[in-house]
Number of protein chains: 2
Amino acid sequence: MIIHIEAESDIPIYTQLTNQIIEGIARGEIAPGDSLPSVRAFAADLGVNMHTVNKSYHELEKKGIIKIVPKSGAIISSIEQMTEEKKQLIEAGFKPVIAEAFVLGMSKKEIEELVSGMLNQMKER
Amino acid sequence: MIIHIEAESDIPIYTQLTNQIIEGIARGEIAPGDSLPSVRAFAADLGVNMHTVNKSYHELEKKGIIKIVPKSGAIISSIEQMTEEKKQLIEAGFKPVIAEAFVLGMSKKEIEELVSGMLNQMKER
DNA sequence: CCTTTGTTCTATAAATGGTAGAACAAAATT
DNA sequence: AATTTTGTTCTACCATTTATAGAACAAAGG
């Protein structure tokens with residue numbers, strides 16, 4: 001999986017990393033059961049600090065996407081059940097981007113097609 | 001339009017305000033041509049600092065959603081043409097939320113229905 | 001004429017983001 | 001068994017961001 005960090009971005013490095021790992025899973029490049037590199041190895045690979053990678057991993061664990069097993073590694077979790085709480089968090093994430101797309105002039109149909117197109121880039125389960 | 005600011009949130013106050021104004025426009029509660037309150041009046045109303053509202057307004061202007069006319073007010077803009085650059089910014093905004101929803105276990109169909117449902121809360125143009 | 005307006009400036013305080021180094025105990029490897 | 005690697009934890013430092021505060025200004029509005 002190729003990670004591309006932009007130091008100049010206004011998005012924090014650890015967030016860029018978190019998002020790109022999630023996108024890698026969505027695309028099927030890495031799958032549940034697979035291990036992520038160690039924080040030290042990944043940090044050296046990306047040219048960032050160990051603590052920055054560590055923060056990203058803990059963010060992913062908080063979201064329920066990976067499981068950090070001390071002295072063993074960060075393993076991608078299997079998908080658990082969809083709770084109402086999780087669904088509301090996801091909806092809260094969608095809210096501002098949908099409203100902005102609509103206000104900036106995209107039609108409902110265009111937005112739906114954009115979302116469908118992006119979903120087609122992801123690997124079916 | 002009702003604005004609800006959560007001081008305890010990890011989302012900056014000016015971002016919360018920006019998003020809720022955008023959502024208000026999307027719902028049709030405020031329309032192009034309408035004026036937003038003055039930074040001082042809005043700040044007093046919300047119980048936040050004048051500069052915080054000012055920052056939100058400038059963020060909205062940067063996005064092309066309002067026009068700040070000095071000594072006159074902040075007027076909601078009409079929708080301009082959809083450029084390829086704007087579409088790519090919107091797509092970049094969708095990317096992480098779609099990937100996360102998918103990885104957290106929502107099916108493509110569920111995601112599409114969630115988006116459609118949220119779009120139906122918005123006022124047709 | 002007076003108030004309101006957005007802008008601009010300085011200032012302060014807390015939180016965030018990123019890097020850095022060191023130390024530790026446990027797991028994995030050799 | 002000895003060594004390396006691992007995630008964790010701690011302190012430390014620095015720049016930026018977030019939020020508030022007050023003051024001053026010129027221009028628009030009533």
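To find a chain, count down the sequence lines: A is the first, B the second, and so on, and within it residues start at 1. Not measured: the values here are computed from a predicted model.
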In residues 40-56 of chain A, which residues come under 4.0 Å of DNA chain C by heavy atom?
A:Arg40, A:Val48, A:Asn49, A:Met50, A:His51, A:Thr52, A:Lys55
Heavy atoms under 4.0 Å, any strand shown: does B:Ser72 hit a base, just sugar-phosphate, or nothing?
nothing
May I ask you to evaluate whether A:Ser38 reaches the phosphate of D:dT5, defined as a side-chain N or O under 4.0 Å from OP1 or OP2?
no
Just N and O in the side chain of A:His58: are any of them under 4.0 Å from OP1 or OP2 of D:dG7?
no
Nearest whole Å is fine: how far is [N] [atom2] from [X] [atom1]?
{"X": "B:Glu8", "N": "C:dT16", "atom1": "CD", "atom2": "C1'", "answer": "18 Å"}
{"X": "B:Ile5", "N": "D:dT20", "atom1": "CD1", "atom2": "C1'", "answer": "15 Å"}
{"X": "B:Ile75", "N": "C:dT5", "atom1": "CD1", "atom2": "P", "answer": "13 Å"}
{"X": "B:Tyr57", "N": "C:dT5", "atom1": "OH", "atom2": "C1'", "answer": "12 Å"}
{"X": "B:Asp10", "N": "D:dT17", "atom1": "CG", "atom2": "P", "answer": "18 Å"}
{"X": "A:Ile13", "N": "C:dA20", "atom1": "CD1", "atom2": "P", "answer": "11 Å"}
{"X": "B:Lys71", "N": "D:dA26", "atom1": "NZ", "atom2": "P", "answer": "10 Å"}

Apply the hydrophobic cluster definition, ILVMFWY joined by side-chain contacts under 4.5 Å directly or through others, and give me every member besides A:Val69.
A:Ile75
Is there a side chain to side chain contact (heavy atoms under 4.5 Å, CB included) between B:Ile111 and A:Phe94? Walk through the geometry before answering.
CA-CA 10 Å; B:Ile111 294 171; A:Phe94 268 106; 4.0 Å; yes
To the nearest 0.5 Å, tell me how far A:Ile13 CD1 sits from A:Glu6 CD.
11.0 Å
The complete set of side chain to side chain donor-acceptor pair (under 3.5 Å) pairs with one or both residues in residues 91-102 of chain B, sequence neighbours excluded, reads A:Lys63-B:Glu100
Is B:Glu29 salt-bridged to B:Lys123, going by a charged N under 4.0 Å from an acidic O?
no
Should the pair A:Lys87-B:Glu110 be classified as a salt bridge under the 4.0 Å nitrogen-to-oxygen rule?
no
Among C:dA26, C:dG6, C:dG18, which nucleotide sits nearest the side chain of A:Tyr14?
C:dG18
For B:Phe102, is the NZ or CZ atom of A:Arg125 found under 6.0 angstrom from the centre of its six-membered ring and inside 45 degrees of the ring axis?
yes
